Colleague: 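Here it is, the structure, as structure tokens.
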Amino acid sequence: MKNSVTKTVGILTSGGDAPGLNAAIRGIARTAMDEYGMKVIGIHNGYRGLIDGEYEELKPFDITGILTRGGTILGTSREKPFKDPEKDPKTGRTPVESIKRTYKKLGLDALVVLGGNGTNTTGYLLSQEGLNIIGLPKTIDNDLVGTDVTFGFHTAVAVATEAIDRLHTTAHSHNRIMVIEVMGHKAGWLGLYAGIAGGGDVILIPEIPYDVDIIGQHLTERQKQGKSFSIVVVAEGAKSIEEAQLDKKELKRRRAEMTGSIGYRVARELERATGLVSRVTVLGYLQRGGTPEPYDRVLATRFGVEAAHMLARGEFGKMVAIKNECITAVPLEEISGKIKKVPLSHELILAGRAVGTCFGDR
Ligand code: F6P
């Protein structure tokens, strides 16, 4: 057994589930147990489990056969302990106080948090409170700074691409505009990758505010060229030029008043602009569910194994990352509270424009 600074480690998964979480848990726990003899505690339902004291010791059997499984064996939640500093009347403690108490009670030397922006930002804030934290970058949105890619993203792209492929056949048969809305939160990575992979004729992402008249002209032009159908890929965070001028609060207010999600609105706008029949598919949680693609299984395993080595070395306060195909780690401080958006000069946007994709702006 190799020497290790960490003797007892907690693992939690937080935020939306993503394909590859179980592969990452397995990578951390197996390496921690088998190479370093660590005790591994699985915390249930993200930070909520630390607040409520819900956990279990993971044994080798618990992490057998989970590599290929979607979701997370530990459960997850969107608990943000620093957002609500109120004391719980039952315990008399704030969420952060409860977390620190459970950490101490379990005798944890460190905690590995698997999640996206919110999870790793909370991890950073907990490290400021004196806890030893290592983060892992998980999200189908791929919007974490400090890493080239997050696990879960490739599987979501594959699911969305397959959906676009299937829509193509119906679009072709019925001469329709098929609008497909994909997730991605405030970033356009998922829409961009799936849109390019699926040959979307129009791709709308939050980073490029759209003008419906420009899209209308593009689709009408396609009709004139004898192309009887069009596929429009809309990221859930897509905005019109007008909306892009609004502050966050006003945009939120208008969105709350909107009938249906953004995909439905774009379809209505395009029907008005072109006179063509439009149909909408909102892919939703299908993008997060199911078996992880091999790429995500491999990436999550690499991240998990590296996290265990960092635990052994006592390298805390960092998020495991991948840069130029090499596994590395970045300080949590550098990524905390930040979102990685698609740069306008991104090669894939230029490639899309080169093959005739309309991004709604020209
Ligand atoms: O962050 C992952 C994600 O799936 C986003 O793409 C989406 O906006 C959000 O989570 C949905 O959140 P919830 O699971 O809370 O509905």
Side-chain angles (χ1 to χ4, degrees), residues 12-22 24 45-49 70-72 74-81 83-84 113-123 135-147 149-164 180-195 197 203-207 233-239 243 248 251-252 255-256 258 260-266 280-293 296 299-300 303 319 335-342:
L12 63 79
T13 55
S14 171
D17 72 329
L21 275 170
N22 287 325
N45 305 325
Y47 291 108
R48 193 71 239 163
T72 159
L74 295 175
T76 186
S77 68
R78 291 213 179 264
E79 185 67 42
K80 290 194 173 87
K83 222 175 172 184
D84 179 16
V113 301
L114 284 61
N117 292 301
T119 306
N120 282 284
T121 299
T122 300
L136 249 69
K138 162 246 57 168
T139 167
I140 64 161
D141 304 336
N142 197 36
D143 60 351
L144 268 170
V145 298
T147 186
V149 65
T150 56
F151 67 85
F153 175 63
H154 273 264
T155 303
V157 169
V159 171
T161 303
E162 197 203 330
I164 297 170
I180 177 165
E181 181 186 310
V182 300
M183 281 185 164
H185 201 45
K186 291 179 182 159
W189 296 103
L190 188 49
L192 179 62
Y193 272 75
I203 301 174
L204 304 182
I205 61 174
E207 292 84 350
V233 180
V234 182
E236 64 179 349
K239 295 174 211 154
E243 285 174 314
K248 227 170 131 185
L251 180 62
K252 207 171 168 192
R255 283 292 163 99
M258 198 166 81
S261 57
I262 182 73
Y264 286 93
R265 193 188 74 194
V266 168
V280 186
T281 302
V282 179
L283 213 44
Y285 297 95
L286 290 175
Q287 293 156 103
R288 286 195 346 212
T291 309
E293 289 276 301
D296 281 329
L299 184 65
F303 283 159
M319 182 186 79
I335 60 152
S336 167
K338 295 182 187 151
I339 287 182
K340 184 175 74 181
K341 297 225 176 189
V342 181

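Computed from a predicted structure; not experimentally measured. Each ligand, and each atom within it, is numbered from 1 in the order the structure gives.
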Colleague: Of all the non-hydrogen atoms in the protein, which one sits nearest to atom 6 (O) of ligand 1, and at what distance?
Modeller: Asp141 OD1, 2.7 Å
Colleague: Please say whether Gly16 places an N or O atom under 3.5 Å from an N or O atom belonging to ligand 1.
Modeller: no
Colleague: So for atom NZ, which belongs to Lys186, do other residues, nucleotides or ligands contribute more than 12 heavy atoms lying within a distance under 6.0 Å?
Modeller: no
Colleague: If the plane angle is over 60° it's perpendicular, under 30° parallel, otherwise tilted; pick one for Phe151 and Phe303.
Modeller: tilted
Colleague: Would you say Glu293's side chain and His154's backbone share a donor-acceptor pair under 3.5 angstrom?
Modeller: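 It does not hold such a pair.
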Colleague: Supply the atom-to-atom distance Leu283 CG to Leu190 CG, rounded to the nearest 0.5 angstrom.
Modeller: 8.5 Å
Colleague: Just which atoms of ligand 1 are under 4.0 Å from any heavy atom in Met183?
Modeller: 4 (O), 6 (O)
Colleague: Of the protein's non-hydrogen atoms, which lies at the shortest distance from atom 9 (C) of ligand 1, and what is that distance?
Modeller: Arg78 NH2, 3.6 Å
Colleague: For residues 150-163, which residue pairs qualify under salt bridge (Lys or Arg N to Asp or Glu O under 4.0 Å), counting only residues two or more places apart or in two chains?
Modeller: Glu162-Arg166
Colleague: Name the option, out of Glu236, Arg288, Gln287, that contains the heavy atom nearest to atom 7 (C) of ligand 1.
Modeller: Glu236
Colleague: What atoms in ligand 1 come closer than 4.0 Å to a heavy atom of Ile140?
Modeller: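 Selected atoms, number and element: 4 (O).
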Colleague: Is there a heavy atom in Gly116 that sits closer than 4.0 Å to ligand 1?
Modeller: no
Colleague: List the closest protein heavy-atom neighbour of atom 16 (O) of ligand 1: residue, atom name, distance to the nearest 0.1 Å.
Modeller: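 Going by distance alone, atom 16 (O) of ligand 1 is nearest to Tyr285 OH, 2.4 Å.
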Colleague: Is it the case that the side chain of Asn120 and the backbone of Gly115 share a donor-acceptor pair, with hydrogens and angles ignored and the cut-off at 3.5 Å?
Modeller: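 At least one qualifying donor-acceptor pair exists.
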